[in-house]
Amino acid sequence: MEWHACLDEYEKLVIRMSTPRVVIDNAVCPTATLIKVDSARRHGILLDAVRVLTDLNLSIKKAYISADGQWFMDVFHVTDLNGNKLTDASVISYIKQSLETTHPDRSHGFNGLTALELTGTDRIGLLSEVFAVLADLQCDVVDAKIWTHNGRIASLIFVKDCNSGSPIEDSQQIDKIEARLRNVLKGDNDIRSARTAVSMAVTHTERRLHQMMFADRDYERKPILQHKFDFPVVTVQNWVERGYSVVNVQCKDRTKLLFDVVCTLTDMQYVVFHATIKTSGDKAYLEFYIRHIDGTPISSEPERHRLVQCLQAAVERRASKGARLELHTSDKQGLLADVTRTFRENGLNVTRAEISTTSDMALNVFYVTDSTGNLADPKIIELVRQKIGLANLKVKELPLIYHEKAESEEQAAGVGGAVLLSLGSLVRRNLYNLGLIKSFS
């Protein structure tokens with residue numbers, strides 16, 4: 001560490017104390033890479049650490065968090081999505097550098113883009129209307145994430161001007177975009193709760209989506225279709241002797257689960273003092289010892305009930321609903337409007353979507369159900385694939401009962417399985433998007 005000449009010894013000590021110390025070890029655990037972070041405690045530091053790991057699509061198999069006075073220690077057992085230890089030197093170096101940064105918030109490559117925030121009542125075909133409006137207004141969608149939960153939709157869409165390639169800064173154009181999108185979101189029955197906002201400031205996309213759905217109070221709404229076997233079990237009890245509220249979450253394990261839970265606790269102004277995270281098979285068990293920022297535990301039954309609702313919603317928002325379709329094709333003006341219109345015309349509803357473009361190539365992921373929220377008919381999915389292009393739109397995930405049928409139809413049609421980035425390359429792709437490596441091929 002290089003010191004500025006003007007720093008006195010006390011200032012150097014403060015910097016040493018506040019800078020996290022990171023150790024990454026592949027020798028301790030036979031099945032995972034161990035990442036240990038020691039740092040001075042501050043609100044949100046656990047979320048920062050978890051974000052670094054989950055942004056690289058790493059799987060957190062175990063974790064132990066403990067705060068002793070003003071000091072904080074995190075221990076994570078992580079693998080890649082194939083279940084392997086981390087061996088890529090560039091990935092290990094990036095993790096260490098990011099965790100050692102006091103405030104590791106990044107723009108995620110969205111500088112030079114205009115961010116559109118949309119919330120409202122979900123309905124079949126809504127996305128096709130949104131993307132049609134953006135195409136008509138000469139907005140090029142570069143990146144987007146769309147979540148739906150309990151009949152509500154939240155989306156964060158990053159756009160630029162189609163003609164200039166620059167962010168959209170003209171106030172009249174921004175007003176026009178907001179007005180057109182608000183009319184689409186309102187539909188016939190969402191006059192009050194539909195919201196649109198345009199921003200040049202870039203925040204962490206997935207944290208912002210949680211904040212938008214929380215502000216929309218999606219956790220208070222009844223689910224349209226609830227699969228009981230996927231329902232997260234959340235309990236909150238007070239440990240009176242130690243002055244903690246103890247939160248337990250049991251649910252199906254998935255990537256970014258810990259981020260979603262810690263993000264919600266942090267944004268609800270709770271501080272995690274101790275935590276244990278374990279996974280077994282496809283199940284996850286998370287236990288947190290929390291207090292308010294002022295050091296007090298949860299003090300009322302309504303607050304306890306609200307926290308249970310919010311954590312259940314945080315787990316469910318990103319849960320996979322329906323078949324996963326992946327579109328990999330050359331990007332062009334109006335592509336998203338065309339694809340989502342085809343979904344709508346064939347009765348497919350998009351429950352979640354991730355849109356990205358890299359070097360003029362579109363890499364889009366859609367989770368689709370039928371119009372009632374049930375499993376989509378594989379024949380309908382195959383028809384949609386034929387219309388969009390069998391080589392471009394792939395079925396990555398189908399409900400288990402359809403797997404064998406889908407595979408036999410793929411072979412009969414002479415079409416290969418999903419042809420996209422392998423799981424092992426996802427980490428390198430994230431580094432590429434962050435501009436830290438020149439190629440992820």
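Computed from heavy atoms alone, side chains included, the values below leave out hydrogens, waters and symmetry copies. These numbers were taken from a predicted model, which means no experiment stands behind them.
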Answer yes if the side chains of [X] and [Y] hold a donor-acceptor pair under 3.5 Å, and no otherwise.
X	Y	answer
Asp267	His210	no
His149	Asp122	no
Arg306	Gln309	no
Glu303	His292	yes
Gln97	Thr101	no
Thr357	Asp331	no

Practice problem: Could you give me the CA-CA distance, side-chain angles and deciding distance for Ile168 and Val159, then say whether side chain to side chain contact (heavy atoms under 4.5 Å, CB included) is met? | Solution: CA-CA 8 Å; Ile168 301 169; Val159 300; 4.0 Å; yes
Only pairs under 3.5 Å count here: list side-chain donor-acceptor contacts from residues 336-343, not counting sequence neighbours, and write none if there are none.
| unit_1 | atom_1 | unit_2 | atom_2 | d |
| --- | --- | --- | --- | --- |
| Asp338 | OD1 | Arg341 | NH1 | 3.2 |
| Thr340 | OG1 | Leu336 | O | 2.6 |
| Thr340 | OG1 | Ala337 | O | 3.4 |
| Thr342 | OG1 | Asp338 | O | 3.0 |

Any side-chain to backbone donor/acceptor pair from [X] onto [Y]? Under 3.5 Å, distance only.
X	Y	result
Lys321	Gly373	no
Lys160	Val141	no
Asp74	Leu46	no
Ser98	Ile95	no

Quiz item: Any cation-pi pair here, Arg51 with Phe259, using under 6.0 Å and within 45°?
Solution: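 Not flagged: Arg51 not positioned over aromatic ring of Phe259.
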Exercise. Tell me whether the guanidinium CZ or amine NZ of Arg352 lies under 6.0 angstrom from the six-membered ring centre of Phe366 and within 45° of its axis.
Key: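 Geometry flag: not set, cation outside 6.0 Å or 45°.
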Over all heavy atoms of both residues, which pair between [X] and [Y] is shortest? Give the atoms and the distance, please.
X	Y	value
Arg152	Met213	O-CE, 3.9 Å
Thr79	Leu86	C-CD2, 4.1 Å
Ile124	Ser371	CD1-CB, 3.6 Å
Ala40	Ile45	O-CD1, 3.4 Å
Ala63	Ile60	CB-CG2, 4.2 Å
Leu383	Asn346	CD2-OD1, 3.5 Å

Short N-O contact, [X] and [Y], less than 4.0 angstrom:
X	Y	result
Arg318	Glu206	yes
Lys379	Glu382	no
Glu117	Arg195	no
Asp48	Arg42	yes

Approximate separation, where rounding is to 0.5 Å, of [X] [atom1] and [Y] [atom2]:
X	Y	atom1	atom2	value
His77	Ser59	NE2	OG	12.5 Å
Lys186	Leu181	NZ	CG	12.0 Å
Ser39	Glu100	OG	CD	11.5 Å
Glu287	Thr235	CD	OG1	8.5 Å
Thr114	Leu116	OG1	CG	7.0 Å
Asn374	Thr372	CG	OG1	3.5 Å

Exercise. May I ask you to test the Phe72-Ile65 pair for a side-chain heavy-atom distance under 4.5 Å?
Key: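 Side-chain contact under 4.5 Å: yes.
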Should we say atom [atom1] of [X] is surrounded by more than 12 heavy atoms from elsewhere, each under 6.0 Å from it?
X	atom1	value
His305	NE2	no
Lys62	NZ	no
Glu345	CD	yes

Practice problem: Might you work through the side chain to side chain contact (heavy atoms under 4.5 Å, CB included) test for Ile153 and Leu126, ending with a clear yes or no? | Solution: CA-CA 9 Å; Ile153 186 170; Leu126 176 59; 3.7 Å; yes
Exercise. Anything under 30° is parallel, anything over 60° is perpendicular, the rest tilted; go ahead and classify His274 against Tyr244.
Key: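 Because their plane-to-plane angle is over 60°, the rings of His274 and Tyr244 count as perpendicular.
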Self-check item: Steps toward side chain to side chain contact (heavy atoms under 4.5 Å, CB included) verdict (Thr266, His43)
Solution: CA-CA 8 Å; Thr266 303; His43 185 57; 3.7 Å; yes
Self-check item: Passing candidate, side chain to side chain donor-acceptor pair (under 3.5 Å) with Arg317, options Thr264, Asp260, Asn150, Asp218
Solution: Asp218
Quiz item: Given the rule in the salt bridge (Lys or Arg N to Asp or Glu O under 4.0 Å) test, do Glu354 and Arg324 qualify, once you have shown the distances and angles that lead to the verdict?
Solution: CA-CA 11 Å; Glu354 298 180 8; Arg324 174 180 170 126; 5.9 Å; no
Practice problem: Check the pair Ile157, Val130 against side chain to side chain contact (heavy atoms under 4.5 Å, CB included), reporting the backbone distance first and the verdict last. | Solution: CA-CA 10 Å; Ile157 304 174; Val130 168; 4.0 Å; yes
Exercise. Step by step, work out the side chain to side chain donor-acceptor pair (under 3.5 Å) result for Asp216 and Thr119.
Key: CA-CA 7 Å; Asp216 193 50; Thr119 55; 4.7 Å; no
